[in-house]
Participant: 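Handing you a structure now.
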Amino acid sequence: KSFVFLVFELCLVCCDITDGNAEHLKREHSLMKPYQGVGSSPTSQWDFSGSTLVTSSYVRLTPDERSKQGSIWNTVPCYLKDWEMHVQFKVHGSGKKNLHGDGIAIWYTKDRLHPGPVFSNNAVFHGLAVFIDTYSNDDATDRSFPYISAMVNNGSVSYDHGKDGRSSELGGCSAEIRNREHDTYLAIRYSKGRLTVMVDVEDKNEWKECIDIGGVRLPTGYFFGASAATGDLSDNHDIISMKLYQLMVEHTLEEENLDWTKIEPSVSLLKSPKDNIDDPTGNFRGTPLTGWKVFLLLLCALLGIVVCAVVGAVVFQKRQERNKRFY
């Protein structure tokens, strides 16, 4: 029995977000040393723009200089329904506390190489963005920066850079990723309508959950990319690697027959992301209320009413007995 349990536990570990199974690595969507296939040739799988500098050790999106913008984008659209992206990165510079910026964004979007004001990309987009924001633009915020957040957009919402995207974020967490002596890691998993973002800032090969939210719908055929920007303040924003893994997940026949390229990016939440403005933690998760959840809620409510009624009857009976003894 102990051997069976050991095998079962190993299977659970392998299915976890830390799997990184090399057999499922999709090289056409991965950026790794020595960065072959990066450039503007017709056979390139990655293209870059702006201040991006490709070396043998890292891809520097911006140097530690003011007013720089850089990005790198996969030229091959991704048609995987379930995937996991591991990003190894480093943000460092000479700026002291709160005197550095602006951060890195990881994208899975319909369009690529569209310069704009949001970490050097367009503020209105179709798809998913995960922001590693190192500078707070909102003086009224009570959050600790650097701050990691996620946003799903169908092209109808503009990222509010002045408020650090707080009105449209799905959730987030603070993470001390800047000026570490080691590289830092971000994992983004999308599987069966669930988005999970994990971080490893201690280089201990231990993931810490940052965002976990259901009801997310993302199409296939979009592009992966990374971008960064500096303003009056600056930092070196380096990408060491971006590795995409295919997740082996079974889907229903109905899901398999669906044209995933026609899916509109969306999120079904128990509350609107705009409600997050008043939530200082920025953390909430939600999935649609299914019939099973509604049943459980009604059952709990009914049990609560029964318990209150029983307690009330007992209290009433004891008071009646006291009154009889008094008289």
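FYI, side chains are in, hydrogens and waters are out, and symmetry mates aren't considered; it's all heavy atoms of this structure. For reference, positions follow the sequence shown, starting with 1.
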Participant: Is it possible for you to say whether Val157 and Val152 belong to one hydrophobic cluster, with membership spreading through side-chain heavy-atom contacts below 4.5 Å?
Facilitator: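 No.
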Participant: Give a yes-or-no answer on whether the side chains of His92 and Asn179 include a donor-acceptor pair shorter than 3.5 Å.
Facilitator: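 There is no such pair between these side chains.
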Participant: Would you name the heavy atoms of Ala226 and Met242 that are closest together and state the gap between them?
Facilitator: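 Scanning both residues, the minimum pair turns out to be CB-SD, 3.9 Å.
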Participant: Provide the closest heavy-atom pair for Leu244 versus Ser30 in the form atom of the first, atom of the second, distance.
Facilitator: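 Closest approach of Leu244 to Ser30, heavy atoms only: N-OG, 3.0 Å.
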Participant: Under the 3.5 angstrom rule, does the side chain of Asp235 hit a backbone N or O of Gly93 as a donor-acceptor pair?
Facilitator: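 Yes: the side chain of Asp235 pairs with the backbone of Gly93.
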Participant: Hey, mind stepping through Lys243 and Glu84 against salt bridge (Lys or Arg N to Asp or Glu O under 4.0 Å) and telling me if it holds?
Facilitator: CA-CA 8 Å; Lys243 297 179 181 179; Glu84 184 173 307; over 6 Å; no
Participant: Tell me which pairs pass side-chain hydrogen bond (donor to acceptor under 3.5 Å, both in side chains) where either residue lies in residues 217-228, with sequence neighbours left out.
Facilitator: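 Only Trp107-Ser227 qualify under side-chain hydrogen bond (donor to acceptor under 3.5 Å, both in side chains).
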Participant: Between Lys110 and Glu264, does any NZ, NE, NH1 or NH2 come within less than 4.0 Å of an OD or OE carboxylate oxygen?
Facilitator: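 Answer for the salt bridge query: no.
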Participant: Supply the atom-to-atom distance Thr109 OG1 to Asn153 CG, rounded to the nearest 0.5 angstrom.
Facilitator: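 So the gap between those two atoms works out to 10.5 Å.
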Participant: Report yes or no: do Met85 and Leu195 belong to one cluster of Ile/Leu/Val/Met/Phe/Trp/Tyr joined by side chain heavy-atom distances under 4.5 Å?
Facilitator: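 Same cluster.
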Participant: Just wondering, are more than 12 heavy atoms of other shown residues or ligands nearer than 6.0 Å to CG in Asn257?
Facilitator: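 Buried by this count: over 12 neighbours within 6.0 Å.
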Participant: How far apart are the closest heavy atoms of Ile177 and Arg180, and which atoms are they?
Facilitator: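 Result for this residue pair: O-CG, 3.6 Å.
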Participant: Can you tell if the side chain of Val59 reaches within under 4.5 Å of the side chain of Asp238, non-hydrogen atoms only?
Facilitator: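 Contact flag for Val59/Asp238 side chains = no.
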Participant: For the NE2 atom of His29 and the OH atom of Tyr245, what is their distance to the nearest 0.5 Å?
Facilitator: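 Reported to 0.5 Å precision, the distance equals 14.0 Å.
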Participant: Side-chain heavy atoms nearer than 4.5 Å, only ILVMFWY residues, links allowed to pass through others: does that put Tyr108 and Val216 together?
Facilitator: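 Tyr108 and Val216: one cluster.
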Participant: Can you check whether Arg194 reaches Thr196 side chain to side chain, under 4.5 Å on heavy atoms?
Facilitator: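 With C-beta onward as the side chain, the pair touches.
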Participant: Looking at NE2 of His24 and CG of Leu247, how far apart are the two atoms once the value is rounded to the nearest 0.5 Å?
Facilitator: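 Result: 9.0 Å between the selected atoms.
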Participant: For the atom pair CZ (Arg178) and NZ (Lys90), what is the distance rounded to the nearest 0.5 Å?
Facilitator: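 With rounding to 0.5 Å, CZ (Arg178) is 11.0 Å from NZ (Lys90).
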Participant: Which atom names give the shortest non-hydrogen contact between Ser44 and Thr75, and what distance separates them?
Facilitator: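 Minimum heavy-atom separation between Ser44 and Thr75: O-OG1, 2.8 Å.
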Participant: Before you tell me yes or no, could you show the steps for Lys81 and Val249 under side chain to side chain contact (heavy atoms under 4.5 Å, CB included), namely the whole-Å CA-CA distance, both residues' side-chain angles and the distance that decides it to 0.1 Å?
Facilitator: CA-CA 9 Å; Lys81 298 181 181 73; Val249 176; over 6 Å; no
Participant: Take Leu186 and Val197 through the side chain to side chain contact (heavy atoms under 4.5 Å, CB included) test and state the conclusion after the steps.
Facilitator: CA-CA 7 Å; Leu186 178 80; Val197 178; 3.6 Å; yes
Participant: Quick one: do Arg189 and Glu209 satisfy salt bridge (Lys or Arg N to Asp or Glu O under 4.0 Å)? Show the steps, please.
Facilitator: CA-CA 11 Å; Arg189 167 180 279 204; Glu209 183 180 297; over 6 Å; no
Participant: Taking atom types as modelled, find out whether Ser168 and Asp160 have a side-chain donor-acceptor pair closer than 3.5 angstrom.
Facilitator: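 No pair is found: no donor N or O on one side chain lies under 3.5 Å from an acceptor on the other.
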Participant: Regarding Asp64 and Ser234, is there a side-chain donor-to-acceptor distance under 3.5 Å anywhere?
Facilitator: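 Yes, because at least one side-chain N or O of Asp64 sits under 3.5 Å from a partner of the opposite role on Ser234.
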Participant: Let me confirm one number: the CG-CZ distance from Asn137 to Arg166, rounded to the nearest 0.5 Å.
Facilitator: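 Here the rounded value is 13.0 Å.
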Participant: Pairs of donor and acceptor atoms involving the side chains of residues 111-130, under 3.5 Å and at least two apart or interchain, shall be tabulated with distances.
Facilitator:
{"unit_1": "Ser120", "atom_1": "OG", "unit_2": "Gly70", "atom_2": "O", "d": "3.2"}
{"unit_1": "Ser120", "atom_1": "OG", "unit_2": "Ala228", "atom_2": "O", "d": "3.4"}
{"unit_1": "His126", "atom_1": "NE2", "unit_2": "Asn154", "atom_2": "O", "d": "2.9"}

Participant: Treating Tyr147 as the side-chain partner and Ala175 as the backbone partner, does any N or O pair qualify as donor plus acceptor under 3.5 Å?
Facilitator: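 Flag not set: sc Tyr147 to bb Ala175 has no pair under 3.5 Å.
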Participant: Under the criterion side-chain hydrogen bond (donor to acceptor under 3.5 Å, both in side chains), which of Lys68, His237, Gln69 is the partner of Thr62?
Facilitator: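 Going through Lys68, His237, Gln69 one by one, the side-chain hydrogen bond (donor to acceptor under 3.5 Å, both in side chains) with Thr62 is satisfied by His237 alone.
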Participant: Strictly distance-based, threshold 3.5 Å: is any side-chain N or O of Asp183 a donor or acceptor partner for the main-chain N or O of Asp203?
Facilitator: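 No, Asp183 side chain to Asp203 backbone: no donor-acceptor pair under 3.5 Å.
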Participant: Do Thr134 and Val91 have side chains that get closer than 4.5 Å, going by heavy atoms?
Facilitator: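 Sidechains of Val91 and Thr134: in contact.
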Participant: Suppose we screen for side chain to side chain contact (heavy atoms under 4.5 Å, CB included). Which residues come up paired with Glu255, at least two apart in sequence or across chains?
Facilitator: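 Glu255 satisfies side chain to side chain contact (heavy atoms under 4.5 Å, CB included) with Lys192, His251, Thr252, Trp260 only.
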Participant: Quick one: do Lys208 and Glu202 make a salt bridge, cutoff under 4.0 Å?
Facilitator: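 So Lys208 does not pair with Glu202 through a salt bridge.
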Participant: Between Thr52 and Arg60, is there a side-chain heavy-atom distance shorter than 4.5 Å?
Facilitator: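 Counting from C-beta outward, Arg60 and Thr52 never come under 4.5 Å.
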Participant: Apply the test side chain to side chain contact (heavy atoms under 4.5 Å, CB included) to residues Asn74 and Gln45: give CA-CA distance (whole Å), side-chain angles for both, the deciding distance (0.1 Å), then the verdict.
Facilitator: CA-CA 6 Å; Asn74 194 197; Gln45 294 179 336; 4.3 Å; yes
Participant: Can you give me the closest heavy-atom contact between Tyr35 and Thr55, atom names plus distance?
Facilitator: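 Here Tyr35 and Thr55 meet closest at CD1-O, 3.0 Å.
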Participant: Could you give me the CA-CA distance, side-chain angles and deciding distance for Phe223 and Trp46, then say whether ring pair (Phe, Tyr, Trp, His ring centres under 6.0 Å) is met?
Facilitator: CA-CA 10 Å; Phe223 297 93; Trp46 292 83; over 10 Å; no
Participant: So do the side chains of Phe89 and Thr184 get within less than 4.5 Å of each other, counting heavy atoms only?
Facilitator: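 Contact flag for Phe89/Thr184 side chains = yes.
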Participant: Compute the centroid of each ring, for Trp207 and then for His86, and state whether the two points are separated by less than 6.0 Å.
Facilitator: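 Yes, ring centres under 6.0 Å apart.
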Participant: Does Val38 reach the side chain of Phe48, with side-chain heavy atoms less than 4.5 Å apart?
Facilitator: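 Yes, close enough: below the 4.5 Å cut-off.
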Participant: Are the side chains of Glu169 and Met151 in contact, using a 4.5 Å heavy-atom criterion?
Facilitator: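 No, too far: nothing below the 4.5 Å cut-off.
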Participant: Treating Ile, Leu, Val, Met, Phe, Trp and Tyr as nodes and any side-chain heavy-atom pair under 4.5 angstrom as an edge, say whether Val201 and Ile240 lie in one connected cluster.
Facilitator: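 In one cluster: yes.
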Participant: Distance from Ser174 atom OG to Phe145 atom CZ, nearest 0.5 Å?
Facilitator: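 The CZ atom of Phe145 is 7.5 Å from OG of Ser174, to the nearest 0.5 Å.
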Participant: What is the minimum heavy-atom distance between Thr230 and Gly101, and which atoms define it?
Facilitator: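 Where Thr230 meets Gly101 most closely, the heavy atoms are CG2-O, 3.5 Å.
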Participant: Establish whether Ile106 and Tyr159 are linked, either directly or via other cluster members, by ILVMFWY side-chain heavy-atom contacts under 4.5 Å.
Facilitator: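 Different clusters.
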Participant: Do Ile72 and Leu61 come close enough that some side-chain heavy atom pair is under 4.5 Å?
Facilitator: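 SC-SC contact between Ile72 and Leu61 confirmed.
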